[in-house]
Amino acid sequence: MIDVTLPDGSTRTLEEGTRALDVARSIGARLAKDALVASINGVLTDLSHPVADGDVVSIVTPASDAGRDVLRHSTAHVLAQAVLRLWPGAHYAIGPAIRDGFYYDFSLPNSAHFSDDDLVRIETVMRQIVAEDQPFLRSEYSIEEGLELFKDQPFKVEIIAGVREGGSPEDVTEVGGSVVSTYSNTPEFQDLCRGPHVPSTKRLGHFKLMRVAGAYWRGDEKRPQLQRIYGTAWESSEALAAHLAQLEEAERRDHRRLGQEMDLFSFPSQLGPGLAVFHPRGGTVRRVMEEYSRARHVAGGYEFVNTPHITKAELFETSGHLDWYAESMYPPMDLDDGQQYYLKPMNCPFHVLIFNARQRSYRELPLRMFEFGSVYRYEKSGAVHGLTRVRGMTQDDAHIFCTREQMAQELSDLLSFVLALLRDFGLNDFYLELSTRPEVKSVGSDEEWDEAEATLAQVARGANLELVLDEGGGAFYGPKISVQARDAIGRTHQLSTIQLDFQTPQRFQASYVAADNARHRPIMIHRALFGSVERFMAILIEHYAGNMPTWMSPEQVKVLGVRDDHDDFAQDVATRLRLDGVRVSVDPANEPLGARVRRAKKEKVPYILVVGGDDLVADTVGINARGANDPERGVSVDEFRARLRQEIAEHGSPELTRGA
RNA sequence: GCCUGGGUAGCUCAGUCGGUAGAGCAGCGCAUUCGUAAUGCGCAGGUCAGGAGUUCGAAUCUCCUCCCAGGCUCCA
């Protein structure tokens with residue numbers, strides 16, 4: 001007999017030769033029925049795996065992160081089986097579980113491609129395989145046997161051979177260590193895989209194939225491009241439906257769609273990809289964002305600077321950007337005197353020149369220079385995406401020059417400043433990411449990097465937020481903290497970045513005179529809070545689903561007379577609001593009231609004021625607020641003005657706090 | 001940049017076999033005067049992304065270019 005320990009600490013005595021599934025049965029028939037895989041001493045295994053004396057065993061069911069991963073991975077195998085059934089001779093590469101689903105990469109005979117119709121056919125076959133209730137059977141082979149077994153599958157051979165030659169960690173994972181493990185559910189289909197898998201295909205079924213895409217083999221653009229099929233899979237049809245509903249919600253909020261509908265901005269094709277124009281309404285949102293940011297920066301002790309959009313090559317040679325990023329810079333303009341001029345992709349070197357414009361004293365530090373700096377980056381044509389990835393953008397960019405002694409305090413003040421500003425824009429669910437030195441593509445000594453990383457890590461830990469490590473994700477000149485924010489539908493966006501840089505001041509030989517009368521090198525902090533104004537606006541539009549808080553709304557109030565003999569009073573109300581600084585317009589009564597209310601609602605105006613005969617006499621308005629169900633009648637104009645002034649001043653968004 | 005799929009009126013879309021363009025919304029005009037999500041009638045609106053080719057004839061077939069979408073790669 002053997003003893004195993006369960007997650008609650010209890011033990012169970014079972015016969016020798018017992019499998020994980022038997023442990024589940026010993027706990028309960030219902031659990032045994034739900035069980036997908038087991039975790040033995042923290043390692044996920046098939047249910048058929050034997051347990052030994054002293055093992056700690058827990059049973060993994062579908063409605064858990066581990067369970068969903070297994071479901072998705074097993075569904076990917078079924079996808080591959082279906083594709084091989086439909087396209088004999090297809091080559092299959094890898095098919096992991098990913099967030100919300102799975103994918104599998106293929107190469108079809110005669111360089112054929114999947115079409116959208118093919119997805120339907122494949123899904124049909126997958127459902128047949130599920131209905132056939134095929135078991136997932138594990139086998140183990142030597143590497144040589146594995147090479148023979150998959151001799152017609154070049155991608156599998158490459159993976160196995162990779163393991164034999166030392167192998168990348170991914171390859172070892174794929175294969176299952178120095179033993180080649182495979183899963184077959186029928187003689188028809190066998191796949192190289194570490195596992196574990198669900199006991200049988202019958203346990204799958206709540207999945208949907210989503211799309212076809214090209215993907216480079218091993219993620220390397222110099223390698224062949226494979227055909228990738230993406231799918232999503234869940235533990236129940238309800239969970240699947242909820243996921244699909246979430247995708248629809250994201251589509252409804254898409255800033256590109258809302259930007260069009262709300263007349264905020266557009267991308268004229270005459271300008272080229274990734275180059276946006278802001279229409280008056282979008283321009284208003286943008287202006288309000290920038291004005292508020294400026295006011296906060298003034299209060300935060302920043303000085304305002306301005307720099308040109310083009311520069312001689314020398315500047316970016318000195319900064320080092322041309323060494324690493326020449327490909328994603330617009331090509332240079334060759335001018336008459338043989339000089340090359342570049343559009344600027346970054347503001348930092350310009351700000352260093354301002355620092356260097358005269359001798360600096362330690363008394364001036366920290367010196368904080370801020371600029372809404374427009375930069376141009378030649379993003380690959382396939383990479384541009386709405387306002388979130390553009391070729392021309394404006395960064396809310398600042399560079400802080402300070403001493404080494406000041407930097408820890410400055411960074412921690414800065415982090416508080418950043419979070420406060422983001423909260424003012426209505427984001428309040430954050431975590432931090434610490435990005436360290438890149439393996440290639442970096443400059444500077446190990447000591448400098450170690451000090452910079454240690455300082456940032458200390459500051460990040462002090463913020464009392466979840467902290468995630470992003471190994472090797474730093475800039476070439478220094479490590480960074482990035483602030484990640486979760487939006488209203490739970491997606492995360494990388495927003496602000498704070499980078500610590502010992503290199504650029506050296507490259508530009510920046511210095512200040514300290515109390516000891518000697519020259520010292522300042523350190524430099526790069527930081528952008530919005531990231532870019534364009535991208536931040538896109539994130540806010542999606543966060544609010546277009547219902548911008550009143551203080552940011554392009555139009556805050558629309559006044560509607562009931563009949564045209566009320567239009568003069570409507571104008572009067574609008575004029576009084578305008579004197580308060582409110583963005584307001586009147587929609588005259590040559591259409592029925594219902595039609596005008598409907599239009600204003602579709603425009604997402606926060607307040608629709610309806611004025612009729614009663615209001616004209618009593619100097620009141622009827623308030624139809626965005627997100628509210630019933631209009632509020634007979635509110636005095638002055639009362640409404642006071643409420644609105646307060647709401648705008650506090651940056652409140654009442655319809656959100658009302659839960660509408 | 002690569003793979004796949006797209007581009008028809010300001011927007012959303014229809015357009016049969018290759019026979020020369022259509023709806024709804026928006027816009028404009030007239031009528032309507034109305035208390036909270038669509039008043040009626042009329043008018044106007046198009047180099048079918050652009051160019052070349054095949055054809056008696058091209059929105060439709062072929063090629064090239066531009067732009068968009070979803071991925072991959074990249075993201076200072």
Side-chain angles (χ1 to χ4, degrees), chain A residues 103 105 111 113-116 118 210-230 254 256-257 260-261 263 266-275 316 319-329 344-349 375 377-386 388-389 395 397 438 441-442 473-478 480 494 497 499 501 504 526 528 531 560-567 588-603 608-615 621-625 628-634:
Chain A
Y103 67 80
D105 288 345
S111 306
H113 292 289
F114 293 119
S115 69
D116 287 346
D118 290 337
M210 303 300 285
R211 56 177 58 98
V212 209
Y216 299 110
W217 168 231
R218 306 239 171 187
D220 183 344
E221 62 183 325
K222 292 180 192 66
R223 302 242 204 174
Q225 194 157 38
L226 307 178
Q227 294 278 299
R228 175 172 296 179
I229 295 178
Y230 281 96
D254 192 309
R256 293 166 300 183
R257 174 201 187 104
Q260 165 82 264
E261 284 175 12
D263 194 17
S266 60
F267 293 88
S269 60
Q270 294 90 331
L271 301 189
L275 297 168
F316 289 114
S319 73
H321 286 99
L322 271 171
D323 292 340
W324 306 118
Y325 294 108
E327 264 189 20
S328 43
M329 287 166 67
K344 70 171 170 183
M346 286 295 282
N347 302 301
C348 35
V375 298
R377 297 178 179 180
Y378 188 68
E379 301 283 1
K380 288 180 181 176
S381 62
V384 296
H385 179 95
T388 61
R389 190 85 181 265
Q395 297 179 312
D397 206 2
K441 243 191 192 184
S442 75
F476 71 86
Y477 46 73
K480 70 181 181 198
Q494 178 180 311
T497 58
Q499 300 171 347
D501 179 6
T504 307
H526 306 240
L560 314 179
V562 173
R563 283 195 318 263
D564 59 6
D565 50 326
H566 305 131
D567 279 348
N590 45 21
E591 278 175 287
L593 181 62
R596 287 176 288 145
V597 169
R598 177 179 143 85
R599 182 161 54 234
K601 288 281 184 189
K602 288 184 74 176
E603 288 170 8
I608 301 164
L609 301 185
V610 173
V611 296
D614 303 344
D615 298 299
V621 294
I623 305 172
N624 190 331
N629 294 324
D630 298 313
E632 185 182 355
R633 292 279 298 270

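Here is how names work: the chains are called A, B, and so on, in the same order as the sequence lines, proteins then strands, and each is numbered from 1.
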Task: Any strand: nucleotide that pairs with B:G18 via Watson-Crick or wobble, under 3.5 Å - done: none
- [ ] Considering only atom C1', compute the distance from B:A44 to B:G22 and round it to an integer number of Å.
- [x] 15 Å
Task: Integer-rounded Å distance: B:U4 C1' and A:Tyr103 OH - done: 17 Å
Task: P-based separation of B:C11 from B:C72 [nearest Å] - done: 29 Å
Open item on the list: Does the structure show a Watson-Crick or G-U wobble partner for B:A58, both distances under 3.5 Å? Name it, or say none.
Closed with: none
Open item on the list: Using the side chain to side chain contact (heavy atoms under 4.5 Å, CB included) criterion, which residues pair with A:Glu221? Sequence neighbours excluded.
Closed with: A:Tyr216, A:Lys380
Task: Shortest non-hydrogen separation from A:Gln227 to A:Phe114 and the atoms involved - done: OE1-N, 3.1 Å
Task: Complement of B:C2, any strand, by Watson-Crick or G-U distances under 3.5 angstrom - done: B:G71
- [ ] Could you run through nucleotides 37-46 of chain B and give me one letter per nucleotide, 5' to 3': B if any protein heavy atom sits under 4.0 Å from the base, S if only the sugar-phosphate is that close, - if neither?
- [x] BBB-------
Open item on the list: Any base atoms under 4.0 Å from A:Asp614, or only sugar-phosphate, or nothing? Heavy atoms, all strands.
Closed with: base
Open item on the list: The criterion is side chain to side chain donor-acceptor pair (under 3.5 Å); which residues satisfy it with A:Ser269, sequence neighbours excluded?
Closed with: none
- [ ] Identify whether the distance between the nearest side-chain nitrogen and carboxylate oxygen of A:Asp220 and A:Arg218 falls below 4.0 Å.
- [x] no
- [ ] Look through every strand shown and name the nucleotide pairing with B:G42 as Watson-Crick or G-U wobble, where both distances are under 3.5 Å.
- [x] B:C28
Task: Pairwise P distance for B:C67 and B:A59, with rounding to whole Å - done: 24 Å
Open item on the list: Using the P atom as the point on both nucleotides, what is the distance between B:G70 and B:C43, in whole Å?
Closed with: 40 Å
Task: Pairwise C1' distance for B:A58 and B:U54, with rounding to whole Å - done: 10 Å
- [ ] Measure the acute angle between the ring planes of A:Tyr325 and A:Phe476, then classify it against the limits of 30° and 60° as parallel, tilted or perpendicular.
- [x] tilted
TODO: Using whole Å, report how far CG of A:Leu275 lies from C1' of B:C66.
DONE: 14 Å
Task: Mate of B:U12 where both pairing distances stay under 3.5 Å, Watson-Crick or G-U - done: B:A23
Open item on the list: A:Val375: which residues meet the side chain to side chain contact (heavy atoms under 4.5 Å, CB included) condition with it, sequence neighbours left out?
Closed with: A:Lys344, A:Asn347, A:Arg377, A:Met393, A:Gln395
Task: Nearest-angstrom distance from the residue atom CD1 of A:Ile608 to P of B:G35 - done: 16 Å
Task: Comparing A:Val621 and A:Gln227 on RNA chain B - which has the more 5′ nearest nucleotide - done: A:Gln227
Task: Rounded distance in Å between the C1' positions of B:C28 and B:G10 - done: 13 Å
Task: Between P of B:C67 and CZ of A:Phe267, the distance in whole Å - done: 13 Å
- [ ] Any chance you could list the contact pattern along nucleotides 70-76 of chain B? Use B for base contacts, S for sugar-phosphate-only contacts and - for none, protein heavy atoms under 4.0 Å, 5' to 3'.
- [x] BBBBBBB
Task: A:Asp323: side chain to side chain contact (heavy atoms under 4.5 Å, CB included) partners, not counting sequence neighbours - done: none
Open item on the list: Please name the nucleotide paired to B:A76 by Watson-Crick or G-U wobble geometry with both distances under 3.5 Å, or report none.
Closed with: none
TODO: Tell me, please, which residues at least two apart from A:Gln260 pass side chain to side chain contact (heavy atoms under 4.5 Å, CB included).
DONE: none
Task: ring pair (Phe, Tyr, Trp, His ring centres under 6.0 Å) against A:Tyr103, all qualifying residues, sequence neighbours excluded - done: A:Tyr230
- [ ] Any chance you could measure A:Ile623, atom CD1, to A:Glu632, atom CD, to the nearest 0.5 Å?
- [x] 4.5 Å
- [ ] Return the set of residues passing side chain to side chain donor-acceptor pair (under 3.5 Å) with A:Trp217 (not counting sequence neighbours), or none when no residue passes.
- [x] A:Glu158
Task: Rounded distance in Å between the P positions of B:A14 and B:C2 - done: 29 Å
Task: Assigned partner base of B:C63, Watson-Crick or wobble definition, under 3.5 Å - done: B:G51
Shorter than 3.5 Å, N or O on both sides, protein versus nucleotides 6-8 of chain B: list them out with atom names.
none

Open item on the list: Just to verify, what does A:Asp263 make a salt bridge (Lys or Arg N to Asp or Glu O under 4.0 Å) with, not counting sequence neighbours?
Closed with: none
- [ ] Round to the nearest Å and state the distance from A:Gln260 atom CD to B:C68 atom P.
- [x] 14 Å
Task: Watson-Crick or G-U wobble partner of B:G35, both distances under 3.5 Å - done: none
Task: Spacing of the P atoms in B:G27 and B:C34 (rounded, Å) - done: 23 Å
Open item on the list: Could you work out, with side chain to side chain donor-acceptor pair (under 3.5 Å) as the rule, every residue matching A:Asp614, not counting sequence neighbours?
Closed with: none
